[in-house]
Structure formats: C-alpha cells, structure tokens
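Contents: one structure, followed by commentary.
Residues: numbered from 1 along the sequence shown. No experiment lies behind these values; they were computed from the predicted model shown.
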Amino acid sequence: MPKWLQHFKDRKGTILDYDKYKHYALFVPLIEVNGEYHLLFEVRSKQVKQPGEICFPGGKIDKTDRSNEAAAIRELCEELGVKEEQVTIIGELDYIISHG
C-alpha cells in the first residue's frame, strides 16, 4: 500500500469545523413513579430566552466539563436540584447539528 494511502486506513471521520460550533448537552430525565416511567420536562423561566417554553434540562458544555455526559449531568443538577449520586445514565441519544 502506498504511504499516502496509509493515512486513510486508520483515519476516523469527524464533523468538519467541529470547533466552530457551539456545543450543548441535555438530559432526558426518566422518573419512576409506582413502577411506571415518566418523562420529566421543565418550563423555562420568564427571565431567560424563550420564556415559558417546555424543555429538557441542559445547556452549554463548559471547558471545565470532562465530557458531554458530565455537562448534561451538571446542568440537570443545577436546574432541578438533584444530586449527582441520584443520577443513573441509561444511554446516549444522537447528536443534532443546527445553524445558530
């Protein structure tokens, strides 16, 4: 195999201009009540953008967050007042890329 072709053999694809996007993480909370699972939504405060909208907890990923998951947990704890020890991660959803 030519040397220049070797470059592609072990290459992993990524999102072009990844560093130019704003990065956010959100948490989709499932709460078990009497053996049934429920989605937990929140209503945005009147003091923020999009006041009164229904949403999941989440926000901007900070440089101090060790991962997207850590950012989502931090936002969940800040917004809903739960403790990190009370949080169990079940899985991860897909990523969304949007303009502005």
Side-chain angles (χ1 to χ4, degrees):
M1 177 181 302
K3 190 172 184 177
W4 63 269
L5 202 54
Q6 185 67 33
H7 168 76
F8 296 101
K9 183 175 182 275
D10 298 321
R11 186 179 183 284
K12 299 289 182 200
T14 187
I15 298 169
L16 291 176
D17 294 329
Y18 180 82
D19 56 329
K20 294 180 182 177
Y21 288 95
K22 294 179 182 178
H23 301 268
Y24 298 89
L26 64 87
F27 202 101
V28 180
L30 294 172
I31 307 292
E32 185 180 2
V33 179
N34 298 324
E36 294 183 349
Y37 286 91
H38 302 267
L39 280 174
L40 178 68
F41 295 95
E42 60 183 16
V43 179
R44 292 186 193 266
S45 163
K46 294 191 187 296
Q47 284 73 42
V48 299
K49 289 183 180 181
Q50 302 95 17
E53 282 188 353
I54 294 174
C55 61
F56 292 118
K60 193 165 191 249
I61 298 172
D62 295 338
K63 291 182 180 188
T64 56
D65 291 318
R66 60 188 184 281
S67 65
N68 295 353
E69 183 178 285
I73 292 171
R74 177 183 51 76
E75 289 286 342
L76 172 75
C77 294
E78 288 175 4
E79 294 178 22
L80 299 183
V82 299
K83 294 183 170 76
E84 191 170 341
E85 310 79 64
Q86 297 173 296
V87 178
T88 302
I89 301 291
I90 295 172
E92 187 176 298
L93 296 174
D94 293 328
Y95 294 80
I96 297 174
I97 299 173
S98 66
H99 298 284

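- Rounded to the nearest 0.5 angstrom, Leu16 CG and Lys20 NZ are separated by 10.0 Å.
- The number of heavy atoms from other shown groups lying within 6.0 Å of CD1 (Ile96) does not exceed 12.
- Of all heavy-atom pairs between Pro29 and Leu76, the closest is CG-CD1, 4.0 Å.
- Nearest heavy atoms, Val87 versus Phe27: CG1-CZ, 3.5 Å.
- A search for side chain to side chain donor-acceptor pair (under 3.5 Å) contacts involving Glu69 returns nothing, not counting sequence neighbours.
- Annotation: the span from Ile97 atom CD1 to Ile15 atom CD1 amounts to 3.5 Å, rounded to 0.5 Å.
- Of all heavy-atom pairs between Leu26 and Val28, the closest is CD1-CG2, 3.7 Å.
- What you find for Lys60 and Arg74 is that their closest heavy atoms are O-NH2, 3.0 Å.
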Listing, residues 39-58 side-chain donor-acceptor contacts under 3.5 Å, not counting sequence neighbours, or none:
residue: Ser45; atom: OG; partner: Gln47; partner atom: N; Å: 3.0
residue: Ser45; atom: OG; partner: Gln47; partner atom: OE1; Å: 2.7

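- Grouping the Ile, Leu, Val, Met, Phe, Trp and Tyr side chains by contacts below 4.5 angstrom, directly or via other members, places Ile89 apart from Tyr95.
- In terms of heavy atoms, Glu32 sits closest to Tyr37 at OE1-OH, 3.5 Å.
- No more than 12 heavy atoms of other residues, nucleotides or ligands shown are found within 6.0 angstrom of CD on Glu36.
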